[in-house]
There are 2 protein chains.
Amino acid sequence: MENLRERKKQRTREALLRAALELFTTRGYERTTVDDVVAAVDVSQRTFFRYFANKEEAALAVVELAVAHFVDAVRARPPHEAPMEALRQAVVEGWDSLNDVIESVVPVELYLRMYQVIESTPVLLAAHLRRSMEIEEALARVIAEREGLDVEADLRPRLVVAVFSGVMRVTERQWSTGADFGLDAMRSLTVSYLEQVGPALTGDWRTN
Amino acid sequence: MENLRERKKQRTREALLRAALELFTTRGYERTTVDDVVAAVDVSQRTFFRYFANKEEAALAVVELAVAHFVDAVRARPPHEAPMEALRQAVVEGWDSLNDVIESVVPVELYLRMYQVIESTPVLLAAHLRRSMEIEEALARVIAEREGLDVEADLRPRLVVAVFSGVMRVTERQWSTGADFGLDAMRSLTVSYLEQVGPALTGDWRTN
DNA sequence: TTGTCAATTGTCAGTGGCTGTCATTAGCCT
DNA sequence: AGGCTAATGACAGCCACTGACAATTGACAA
């Protein structure tokens with residue numbers, strides 16, 4: 001952010017993002033045209049598509065931030081932790097700092113509302129899931145490196161990550177459709193869901 | 001298929017599907033326009049959109065068939081089996097009959113090629129993943145009913161299904177990018193991946 | 001068989017996402 | 001100040017998709 005030029009670009013991007021999020025969360029994603037967004041910022045439509053590859057990208061930009069934060073948290077975990085435990089801890093502890101990370105870009109409240117829009121808009125949910133798959137691949141490589149394994153040769157890294165992500169997705173969904181929709185609620189939900197994974201996989205559901 | 005009218009509709013739909021699949025698998029999904037497809041069948045573009053909600057739906061139609069077959073297989077599992085085992089058996093055994101199910105609509109070879117197109121086309125992969133989520137919800141309800149539980153109250157049904165689906169997705173990906181791309185290869189891959197889930201979740205990766 | 005009704009299809013016009021191209025503007029640097 | 005380059009705008013065009021209405025075609029009874 002040395003140049004005036006750079007600062008201006010930054011400001012344009014942020015303005016577009018804010019306007020998009022505001023419109024998406026109020027009017028809905030589908031019922032908001034790109035023209036609506038650019039009109040609010042007073043730039044040409046072409047400019048929008050120079051900052052965002054497509055409409056989806058603008059909608060998912062904030063989530064991307066949170067995701068990157070989580071991946072970093074996993075990388076920062078002490079190497080002696082077992083893979084599953086490292087993932088679990090990264091989520092639980094990463095939640096504390098997440099608030100600040102998001103707030104530095106947009107109001108957390110806007111982030112939360114956008115999350116609900118994503119979960120309830122088919123095309124956005126689809127894009128979100130695909131992106132999650134890419135993250136899974138990245139996480140698998142992190143885990144593999146921690147354990148000194150080859151991702152291509154050993155199935156386990158991708159498997160733990162897949163299982164973990166599966167649980168997280170169920171949690172997310174429950175969270176986004178539930179009553180208590182805040183960051184704290186998400187953390188406690190995460191913990192209780194992860195606790196139930198073991199029991200759910202064992203054969204005897206009747207004994208407890 | 002009583003009426004001539006009904007038969008004609010059926011034929012039009014099949015013709016569109018075949019043409020679409022053929023073009024998607026040879027020219028690629030993105031580089032095939034709907035106009036290309038309708039030109040091959042000689043109907044209006046509007047007609048295409050009367051049979052398929054969108055371009056994606058045509059691309060995913062065959063996979064949908066396989067998915068439905070699998071869900072039925074789960075429903076048919078004996079009630080005394082543990083949830084995870086029922087899911088596992090449904091996949092493994094369902095594979096035998098899958099060949100016939102698919103062949104009754106399109107050549108299996110076309111199905112397999114289409115599968116690779118889906119996995120390698122971002123927008124199709126995204127749509128496929130979203131659809132998988134809906135299937136997961138359906139499966140969770142099946143499992144819950146088998147066990148006499150309330151899906152909303154007990155977390156475990158959704159959790160097993162999520163874990164299982166996560167593993168299946170990893171398997172699919174490996175399969176679609178691997179060398180041996182046939183139905184038999186998929187079954188053996190599935191088995192070996194599911195065997196590794198247990199080991200992957202335990203903490204001690206070094207002891208075996 | 002024919003006439004009427006309903007379902008299927010075609011045509012057309014239009015919207016919205018997205019891209020390539022080229023001219024214009026605006027910050028940068030000597 | 002003036003030339004260079006990056007950012008933007010303006011415009012034309014492609015493609016997916018939709019609504020509306022007219023034309024066609026099978027169904028079915030008189």
Side-chain angles (χ1 to χ4, degrees), chain A residues 1-17 19-21 23-24 26-61 117-118 121-128 130-131, chain B residues 1-21 23-24 27-61 117-118 121-128 130-131:
Chain A
M1 45 161 145
E2 285 261 320
N3 300 335
L4 167 59
R5 203 179 262 178
E6 287 299 314
R7 269 178 286 142
K8 233 180 177 179
K9 277 208 299 181
Q10 195 73 17
R11 256 183 283 139
T12 308
R13 197 193 135 89
E14 273 180 32
L16 281 170
L17 198 54
L21 259 49
L23 287 168
F24 291 164
T26 54
R27 206 179 302 180
Y29 177 77
E30 321 250 38
R31 293 192 312 168
T32 303
T33 70
V34 174
D35 282 337
D36 290 337
V37 177
V38 301
V41 185
D42 199 50
V43 294
S44 72
Q45 195 202 51
R46 199 66 184 83
T47 295
F48 177 93
F49 287 110
R50 289 206 177 92
Y51 283 97
F52 303 97
N54 43 51
K55 212 175 131 185
E56 289 170 14
E57 196 174 296
L60 298 178
V117 172
I118 292 171
T121 306
V123 54
L124 284 184
L125 180 55
H128 176 57
R130 189 194 56 207
R131 179 67 185 135
Chain B
M1 39 164 149
E2 287 257 325
N3 299 336
L4 166 61
R5 202 177 259 178
E6 288 298 315
R7 270 178 284 142
K8 235 179 175 180
K9 276 208 299 182
Q10 196 72 15
R11 257 184 282 140
T12 307
R13 196 194 135 90
E14 273 181 30
L16 281 170
L17 198 54
R18 260 173 232 274
L21 259 49
L23 287 168
F24 291 165
R27 206 179 301 179
Y29 177 77
E30 319 252 35
R31 294 190 312 166
T32 303
T33 70
V34 174
D35 283 336
D36 291 337
V37 177
V38 299
V41 186
D42 199 49
V43 293
S44 73
Q45 195 201 51
R46 199 66 182 82
T47 295
F48 176 93
F49 287 111
R50 286 207 179 91
Y51 283 97
F52 303 97
N54 44 51
K55 211 175 132 186
E56 288 169 15
E57 197 174 295
L60 298 178
V117 172
I118 293 171
T121 307
V123 54
L124 284 183
L125 181 55
H128 176 57
R130 188 194 58 207
R131 180 63 185 138

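These values consider heavy atoms only, across backbone and side chains, with no hydrogens, waters or symmetry-generated copies. Per chain, numbering begins at 1; letters A, B, ... match sequence-line order.
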### Task
Ignoring backbone atoms, establish whether A:Tyr51 has a side-chain N or O less than 4.0 Å from OP1 or OP2 of D:dT8.
yes
### Query
Out of D:dA7, C:dT11, C:dT8, which has the shortest distance to the side chain of B:Arg46?
C:dT11
### Query
For A:Gln45 and D:dA12, what is the distance between atoms CD and P respectively, to the nearest whole Å?
15 Å
### Query
Taking atom CG of A:Leu17 and atom CZ of A:Phe24, what is their separation to the nearest 0.5 Å?
9.0 Å
### Query
Does the A:Tyr29 side chain pair with the main chain of A:Glu56, one donor and one acceptor, at a distance under 3.5 Å?
yes
### Message
Distance criterion of 3.5 Å, no angle test: do you see the side chain of B:Arg7 paired donor-to-acceptor with the base of D:dG26?
### Response
no
### Query
Per the atom types in the model, does the base of C:dG16 pair as donor or acceptor with the side chain of A:Arg31 at under 3.5 Å?
no
### Message
Counting only side-chain heavy atoms from C-beta out, which of D:dC17, D:dA7, D:dT8 sits nearest to A:Lys9?
### Response
D:dA7
### Task
Figure out the CZ/P separation between A:Phe52 and C:dT19, and round it to whole Å.
14 Å
### Query
Where do A:Leu124 and A:Ala59 come nearest, in terms of heavy atoms and distance?
CD2-CB, 3.7 Å
### Query
From the list C:dG17, D:dA16, D:dA6, which nucleotide is the closest neighbour of the side chain of A:Lys55?
C:dG17
### Nearest-neighbour nucleotide for the B:Arg5 side chain, C:dA7, C:dG10, D:dA7 considered
C:dA7
### Query
Starting at CD of A:Glu6 and ending at C1' of D:dA7, how long is that distance when rounded to a whole Å?
11 Å
### Message
Can you tell whether the side chains of A:Asp36 and A:Arg31 come within less than 4.0 Å, N to carboxylate O?
### Response
no
### B:Phe48 CZ to C:dT11 P, straight-line distance once rounded to whole Å
17 Å
### Query
So, is B:Lys8 near the phosphate of D:dG26, with a side-chain N or O under 4.0 Å from OP1 or OP2?
yes
### side-chain N/O B:Thr33 vs D:dC14 OP1/OP2, d < 4.0 Å
no
### From C:dC28, D:dG9, D:dC17, nucleotide with atom closest to A:Thr47 side chain
D:dG9
### Message
Has B:Lys55 got a side-chain atom pairing as donor or acceptor with B:Thr32's backbone, closer than 3.5 angstrom?
### Response
yes
### Message
Closest approach to the side chain of A:Phe49, judged atom by atom: which nucleotide of D:dC17, D:dG9, C:dG17 is it?
### Response
C:dG17
